[in-house]
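The structure appears right after this line, and notes come after that.
What you see is a predicted model, and the numbers here were worked out from it, not measured in a lab. Protein chains get the first letters and strands the later ones, always in sequence-line order, with residue 1 at the start of each.
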Amino acid sequence: MAQKLDKIFDSFVENNLFKDKRVLQTNYTPDTIPHRDNQIENVASILAPALRGDRVSNLFIYGKTGTGKTLSVQHVTNELMKRVSDSKSDNLKVVYINCKLKKIADTEYRILAEIINSLGGSVPITGLPTDAVYNKFVDMIDDKRQNVILILDEVDQAIKKISDSFLYTLTRLNSDLKNAQIGIVGISNSLTFMDCLDPRVRSSLGEEELVFPPYNALQLIDILRERSKTAFVDGVLGEEVISKCAAYAAREHGDARRALDLLRVAGELAERTQSKKIEEKHIDEANSKIEKDKMLDIIENEPRQFQLVLMAIMDLTEDKNFDKIYTGNIYNKYQEICEKTKNEILTQRRISDIIAEFDMLGIINADVVSKGRQGRTRVIKLMLSESLKKKAREILLGNLNI
DNA sequence: CGAGATTCATGTGAAGTATACCTTTAGGCTTAA
DNA sequence: AAGCCTAAAGGTATACTTCACATGAATCTCGTA
């Protein structure tokens, strides 16, 4: 056994394709961000007043995933902070919150709590009145003259769940502050997000707006080339592999993060199969693996009741007796499963909401249809590939101890 | 035959409930002067 | 008397339930041609 492990470790050390894998990881911030000079300059000039202690205009940024929004903003704020720490003053704070993270920042309360946490304070998980949390936030930053830049990544996700009054309160917060000032930077994936906001919020939050267009294939190639220089050992990555990678990502609305993930996973796969080079087939494999992992991760971390519902949906999908699945079918199946597994049965009302959430996650596709005399319901389609279904089923079976 | 009424199965919104957790407050106990 | 601990009181967020009303096209009904 030990020999076997030795062999694995040996080959791992010898056959290292990566020079520095971190460069390809999502949380890595590169020194240069190609093809985003314009946007970065814009962001910088909008946030720059903070250096003089002036109020920062609220900024709203649109763009699809992986178009460098987060990266550019972080780059600019990093530079800002560098300047500030050089000048030895500490009247600028930058808070970055990703509103999408489930269980961390998906309600008004949790977002606020998260903001306070990253400012160094602490707030209990639950139990406090929301306005008490607002007050705490105000107290924390208003003790001296300073600027706070609040970056809300993926606000659209949060606003969908919470109401937009949250943003309104935030924008109004400035009038409660005597010393400090806050500037809000909202980042959204959805281009139409602003349209469904309250006009008051729209006007105050959208003082400045910026659109990040998707990268095209050529720009993606540039990015990949740049990063792969430091990420991989020379010669393991051919030019044609890079273009294939870029092509994949360009198809996926120019998502650079996706492209980098592809490259990283492809590298890992190549390493694992003892390959000396990364080849095009690795990219293909990586593509399906990423898709799979992402979904499986979501499914695995879903609460129990959600998993039960998903299990019901999967069972029905397999069942040849149903060519179309309706909410009622799911509910019946769900009850069956609950009885079998001795789980509590929730009401149909709740299941309806759970189904809606799965729809949001893209695990299923649910369309409301009216079938005349047969009433109104949703037609539900499971959106998982065959192999994914199998893996997902394994996870569910394990988690629900069936 | 066609317009309007009916109907079904569930969508959807609002309000209420249970649970888990929080802060405040007051009482009781200990401690030290 | 001061300090500390504990339990009760009073409050909130969240996940869920209950109630009630909204939907929208297939189907039924009935007046009319």
Side-chain angles (χ1 to χ4, degrees), chain A residues 97 99-117 119-140 152 157-170 196 198 298-313 316-317 319 321-339 341-361 363-382 399-400:
Chain A
I97 305 285
C99 303
K100 199 181 69 177
L101 298 176
K102 215 172 178 181
K103 292 284 165 201
I104 295 180
D106 62 349
T107 67
E108 180 174 9
Y109 184 94
R110 285 176 185 158
I111 291 175
L112 272 175
E114 191 57 24
I115 292 172
I116 292 177
N117 271 336
L119 281 171
S122 75
V123 167
I125 327 147
T126 170
L128 242 51
T130 308
D131 42 342
V133 184
Y134 270 109
N135 287 336
K136 175 147 190 179
F137 173 58
V138 170
D139 286 349
M140 276 189 79
L152 300 173
Q157 299 284 329
I159 296 309
K160 246 186 259 167
K161 297 199 83 171
I162 327 165
S163 79
D164 57 2
S165 62
F166 163 62
L167 281 181
Y168 184 64
T169 321
L170 268 186
C196 51
D198 188 299
I298 293 174
I299 292 172
E300 180 149 25
N301 292 317
E302 215 64 20
R304 160 163 295 229
Q305 289 293 348
F306 282 61
Q307 295 191 347
L308 287 163
V309 175
L310 187 59
M311 193 69 206
I313 296 174
L316 289 176
T317 313
D319 198 328
N321 295 326
F322 297 88
D323 64 326
K324 279 193 175 156
I325 305 173
Y326 303 118
T327 307
N329 307 140
I330 294 179
Y331 191 60
N332 290 337
K333 192 77 187 180
Y334 159 79
Q335 282 177 305
E336 232 175 82
I337 295 177
C338 282
E339 303 230 321
T341 57
K342 305 252 185 311
N343 272 297
E344 203 186 337
I345 299 173
L346 301 185
T347 51
Q348 180 148 350
R349 178 70 186 82
R350 180 63 186 144
I351 302 307
S352 177
D353 282 348
I354 291 179
I355 290 175
E357 291 207 34
F358 275 136
D359 190 25
M360 288 247 289
L361 286 172
I363 295 176
I364 62 172
N365 202 332
D367 286 325
V368 186
V369 292
S370 183
K371 297 185 297 146
R373 229 52 224 278
Q374 269 69 255
R376 229 161 80 97
T377 181
R378 288 188 178 111
V379 178
I380 284 117
K381 248 168 71 189
L382 191 60
N399 271 2
L400 304 170

Show me the donor-acceptor pairs, under 3.5 Å and distance only, between side chains in residues 374-381 of chain A and residues at least two apart or in other chains.
residue, atom, partner, partner atom, Å
A:T377, OG1, A:T327, N, 3.4
A:T377, OG1, A:T327, OG1, 3.3
A:R378, NH1, A:S352, O, 3.2
A:R378, NH1, A:S352, OG, 3.3

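- When the side-chain contact (heavy atoms from CB on, under 4.5 Å) test is applied to A:N117, the partners found at least two apart in sequence or on another chain are A:E114, A:S122.
- Not a single side chain to side chain donor-acceptor pair (under 3.5 Å) links A:R350 to another residue, sequence neighbours left out.
- When the options A:I354, A:N343, A:L346, A:N399 are evaluated for a side-chain contact (heavy atoms from CB on, under 4.5 Å) with A:L308, the one that passes is A:N343.
- Side-chain nitrogen and oxygen atoms of A:T347 include at least one within less than 4.0 Å of the OP1 or OP2 phosphate oxygen of C:dT17.
- In this structure, A:Q335 has no side chain to side chain donor-acceptor pair (under 3.5 Å) partners at least two apart in sequence or on a different chain.
- With sequence neighbours left out, the side chain to side chain donor-acceptor pair (under 3.5 Å) criterion links A:N321 to A:D319.
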Pair pattern of DNA chain C in dot-bracket, where unpaired bases get dots and | marks partners in another strand, Watson-Crick or G-U under 3.5 angstrom: |||||||||||||||||||||||||||||||..
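- Qualifying side chain to side chain donor-acceptor pair (under 3.5 Å) partners for A:Y134, counting only residues two or more places apart in sequence or in other chains: A:E108.
- Contacts of A:E336 classified as side-chain contact (heavy atoms from CB on, under 4.5 Å), with partners at least two apart in sequence or in another chain: A:K333.
- Within 4.0 Å of A:I330, counting heavy atoms only, lies no atom of the nucleic acid at all.
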Close N/O contacts between protein and nucleotides 1-4 of chain B (under 3.5 Å):
none

Trace of the side chain to side chain contact (heavy atoms under 4.5 Å, CB included) decision for A:Y331 with A:I345: CA-CA 10 Å; A:Y331 191 60; A:I345 299 173; 3.9 Å; yes
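- A:L119 pairs by the side-chain contact (heavy atoms from CB on, under 4.5 Å) definition with A:K93, A:V95, A:I115, A:F137, A:M140, A:I141, not counting sequence neighbours.
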Between the protein and nucleotides 7-11 of chain B, list every N/O to N/O distance that falls short of 3.5 Å.
residue, atom, partner, partner atom, Å
B:dT7, O4', A:R373, NE, 3.2
B:dT7, O4', A:R373, NH2, 2.6
B:dC8, O4', A:R373, O, 2.8
B:dC8, O2, A:G372, O, 3.1
B:dC8, O2, A:G375, N, 3.1
B:dA9, O4', A:Q374, O, 3.2
B:dA9, N3, A:R376, N, 2.9
B:dT10, OP1, A:G328, N, 3.0
B:dT10, O4', A:R376, O, 2.8
B:dG11, OP1, A:T327, OG1, 2.4
B:dG11, OP2, A:S352, OG, 3.4

Every protein N/O within reach of nucleotides 13-16 of chain B N/O, cut-off under 3.5 Å:
residue, atom, partner, partner atom, Å
B:dG13, N7, A:R349, NH2, 2.8
B:dG13, O6, A:R349, NE, 2.7

